[in-house]
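Chain letters run A, B, ... following the sequence lines, proteins first, then strands; residues in each count from 1.
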Amino acid sequence: MSEFPRQSAAARGLALCDVCEFVAPVRDGACPRCGHSLHLRAAGSLQRTWALTIAAFLLYFPANLLPVLRVESFQGDHQNTIIGGVIEFWQQGDYPVALIIFGASVVIPVLKIISIIALCLAARSGRRARPMTRIYRVTEFIGRWSMVDVFVVAILVGLVQLGSAISIHPGAGALSFAAVVVLTMFAAMSFDPRLIWDAAAAHGEEPSPS
Amino acid sequence: MKTGESGGMAHASERNRGTQSALPFRANHENGSRVPPSSALIFAVDHPFHFTQTLACRDCDALLEMPPVHEGEKLVCPRCVSPLLTYSRNSLHRTAAFAFASALLFAVSNFFPFMTLRAGFRESQMRLWQSASGLEDQGSTILGGAVSLFIIGAPILLIGGLLYLILPLFSNRRLPGAIVVCRWVLAARRWNMLEVFMLGALVSLLKLGKLATLTLGTAFWSFVALILCLTAALGSIHPRELWARLEQAEP
């Protein structure tokens, strides 16, 4: 198994169990500790990550163009997109809130898609393995925070039930937005960062030990 | 540990070739200093990592010999500097206490009103689970289902699962299905979004605050405490330690 870097477990035919992090020979097939199947690397990791990222990217458009919220009151109907909500807060002078929503709903999903693409490319080139691994960990951690806007919709819909005076309904944008967040979370999950290190060793870009 | 032997042997050859870079460093919690491991130490039988001979980094697949690790220390991968494991002080007691507190706080958070909205003579109250069921009432079944998974399903699985695993470990036992439960608990961590929901609650507070009077209920404050306790419970025991303890426990 010479295609794996010398210091890796895979080079010795040892696999890290995805579930319980036990190290066992991959030829055993199943983890002796928890019974989960053993693989040296996640199967089809890059294809799956690409597919999920492209799906998330496509859904990002309806998520931002369609309204997330529809307010019905005696003053008439009022629809709100995510960007519309940010602009509303900004115009009212609530700059911190506007920035938080802008960060969570616009910046994080875009950055996440960009960084997953960068990770997929790094898994081929093996460049800058250590910073890319850090980007991977941040991407995994930060993705859930984009769900803020979906929860705002849920709270407003659950809270504002003032009979005929005013009622709030979820819009189609909310579902697309939740789907973007969930898809990018799955994309980050299916990415195997060890591929970056395999590529780094194969291209002679292995960083010196810290 | 039939297969542990071959892992150990792979390690011995690694050591003989003198690849010092493959050994992890112990990072001390208190001062952040790094000291190379002294392989002289042998773990006591009741040490959670007594049976653990090898570690592989999740992020870069570096194969490492299990170094001596004491309570309050954490290990960092020398190759990719990802955290390998943290061995917290009194991990079992801490996790059990925080998980138990989380269970109580979760019940309080769902039973009492979360927020109350007053506009003129009208008043409407929202309990935590109503944020999900409200969406379902409006016809957004998928969205409602997802929200209930993130703020009800995943936390219940986390709290209940942790208690199911941790409490028997005090007498070194594991209950039937512990492996499946542990797997689900670890998977649920990612989908538990209580703290994100809290940020959403604060944003809606500002959004509605100008139109109507909003009062925060008992559940809101217990929810804040729930987030802190659940985060502490999860942070007190590392998955590797949990698995190692479950392995040593008697079924």
Side-chain angles (χ1 to χ4, degrees), chain A residues 4 7-10 12 14 16 19-25 28 32-36 89 92 94 97 100-101 104 129-130 133-134 136-137 144-145 147-163 165-166 169-170 174-175 178 182 185 189 193-194 196-198 209-210, chain B residues 1-4 6-7 10 14 19 21-22 54-63 78-82 115 117 119-120 122 124 126 130-135 138 140 142-144 146-147 150-151 179 182-183 186 190-191 193 196-197 199-201 203-204 206-208 210 239-240 243 247:
Chain A
F4 293 111
Q7 60 269 67
S8 71
R12 282 156 217 272
L14 294 172
L16 176 76
V19 172
C20 75
E21 308 192 56
F22 188 76
V23 182
D28 284 9
R33 184 154 79 175
C34 72
H36 193 74
F89 272 121
Q92 287 164 0
D94 286 326
V97 193
I100 286 174
I101 306 183
R130 208 170 278 141
T133 310
R134 193 166 294 138
Y136 164 76
R137 288 206 306 277
R144 41 212 245 103
W145 286 96
M147 211 49 113
V148 167
D149 250 304
V150 176
F151 288 135
V152 171
V153 172
I155 291 169
L156 292 182
V157 170
L159 190 60
V160 184
Q161 294 161 331
L162 294 174
I166 185 167
H169 308 279
L175 183 61
V182 171
M185 282 174 76
M189 275 163 76
R194 294 173 292 190
I196 303 175
W197 290 84
D198 293 346
S210 63
Chain B
M1 294 287 290
K2 323 159 231 128
T3 49
S6 52
E14 171 92 28
T19 44
S21 65
T54 45
L55 288 175
C57 175
R58 222 174 219 287
D59 289 351
C60 73
D61 205 33
L63 185 64
R79 192 176 182 210
C80 69
V81 296
S82 295
M115 280 183 185
L117 178 75
R122 291 173 188 277
S124 76
M126 187 193 73
Q130 281 171 324
S131 59
S133 65
L135 286 172
Q138 298 283 344
S140 304
I142 304 172
L143 204 57
V147 170
F150 298 149
I151 62 165
I179 288 173
C182 191
R183 206 156 138 182
L186 296 179
R190 193 186 302 274
W191 303 104
M193 300 197 189
V196 185
F197 185 86
L199 184 61
V203 171
S204 2
L206 290 160
K207 213 160 186 152
L208 285 175
K210 298 193 178 70
R240 286 192 205 255
W243 282 112
E247 182 184 13

Checklist line | Among B/Gln130, B/Met115, B/Met193, residue most engaged with chain A (heavy-atom pairs, under 4.5 Å) | finding: B/Met193
Checklist line | Side chain, backbone, both or neither of B/Ser82 within contact of chain A (heavy atoms, under 4.5 Å) | finding: both
Next item on the list: Please flag which part of B/Cys182 lies under 4.5 Å from any non-hydrogen atom of chain A: side chain, backbone, both or neither.
Entry: neither
Check: Considering residues at least two apart in sequence or located in another chain, which fulfil the salt bridge (Lys or Arg N to Asp or Glu O under 4.0 Å) criterion with A/Arg137?
Finding: B/Asp59
Checklist line | Proximal component of B/Leu135, with respect to chain A [non-hydrogen, under 4.5 Å] | finding: both
Checklist line | Test item: B/Ser124 side-chain N/O and A/Leu159 main-chain N/O as donor-acceptor pair under 3.5 Å | finding: yes
Margin query: For the interface with chain A, which of B/Ser140, B/Gly134, B/Cys60 has the highest count of heavy-atom pairs at distances below 4.5 Å?
Written below: B/Cys60
Note to self: Which one wins on heavy-atom pair count under 4.5 Å against chain B: A/Ile196, A/Asp149, A/Thr133, A/Asp198?
What the structure shows: A/Thr133
Check: Does a side-chain heavy-atom distance below 4.5 Å link A/Cys34 with B/Arg183?
Finding: no
Notebook entry, point to check: Pick from A/Leu175, A/Ile101, A/Val150: which one has the most heavy-atom pairs with chain B under 4.5 Å?
Noted result: A/Leu175
Check: So, does A/Arg130 use its side chain to make a donor-acceptor pair with the main chain of B/Arg79 at under 3.5 Å?
Finding: yes
Note to self: Using every non-hydrogen atom in the two residues, find where A/Leu16 and B/Ala56 come nearest and quote the distance to one decimal.
What the structure shows: CD1-O, 3.6 Å
Check: Would a 4.5 Å heavy-atom cut-off, applied to side chains only, mark A/Met147 and B/Phe197 as touching?
Finding: no
Margin query: Quick check on A/Val97 against chain B: is it the side chain, the backbone, both or neither that has a heavy atom closer than 4.5 Å?
Written below: side chain
Note to self: Between B/Trp243 and A/Val19 (side chain of the first, backbone of the second, donor and acceptor by atom type, cut-off under 3.5 Å), is there such a pair?
What the structure shows: yes
Notebook entry, point to check: For the residue pair B/Arg190 and A/Arg144, what are the closest heavy atoms and their distance?
Noted result: O-NH1, 3.4 Å
Item checked: Verdict with supporting geometry, A/Leu14 and B/Thr54, side chain to side chain contact (heavy atoms under 4.5 Å, CB included) -> CA-CA 10 Å; A/Leu14 294 172; B/Thr54 45; 5.7 Å; no
Checklist line | Distance (rounded to the nearest 0.5 Å) between B/Leu199 CG and A/Trp145 CH2 | finding: 6.0 Å
Check: So, does A/Asp94 use its side chain to make a donor-acceptor pair with the main chain of B/Leu206 at under 3.5 Å?
Finding: no
Notebook entry, point to check: Measuring heavy-atom distances to chain B, does A/Ile100 have an atom under 4.5 Å in its side chain, in its backbone, in both, or in neither?
Noted result: side chain
Next item on the list: Go through the steps for A/Phe151 and B/Ile151 under the test side chain to side chain contact (heavy atoms under 4.5 Å, CB included), then give the verdict.
Entry: CA-CA 10 Å; A/Phe151 288 135; B/Ile151 62 165; 3.9 Å; yes
Notebook entry, point to check: Once you round to the nearest 0.5 Å, how far does CD of B/Gln138 lie from NE2 of A/His169?
Noted result: 5.0 Å
Margin query: Testing the basics here: between B/Phe150 and A/Val182, what is the closest heavy-atom pair and its distance to 0.1 Å?
Written below: CZ-CG2, 4.1 Å
Check: Top residue by heavy-atom pair count (under 4.5 Å) with chain B, among A/Gly158, A/Pro193, A/Cys20?
Finding: A/Cys20
Check: So what's closer than 4.5 Å to chain B heavy atoms on A/Ala174: side chain, backbone, both or neither?
Finding: both
Next item on the list: Identify which part of B/Leu143 has an atom lying under 4.5 Å from any heavy atom of chain A, answering side chain, backbone, both or neither.
Entry: both
Check: Side chain, backbone, both or neither: which part of B/Ala201 has an atom under 4.5 Å from a heavy atom of chain A?
Finding: both
Checklist line | Heavy-atom pair of closest approach, residues A/Ile155 and B/Met126 | finding: O-SD, 3.8 Å
Notebook entry, point to check: Side chains of B/Ile179 and A/His36: does their closest heavy-atom pair fall under 4.5 Å?
Noted result: no
Note to self: Could you measure the distance from the CZ atom of A/Arg33 to the CD atom of B/Glu247? Nearest 0.5 Å is fine.
What the structure shows: 5.0 Å
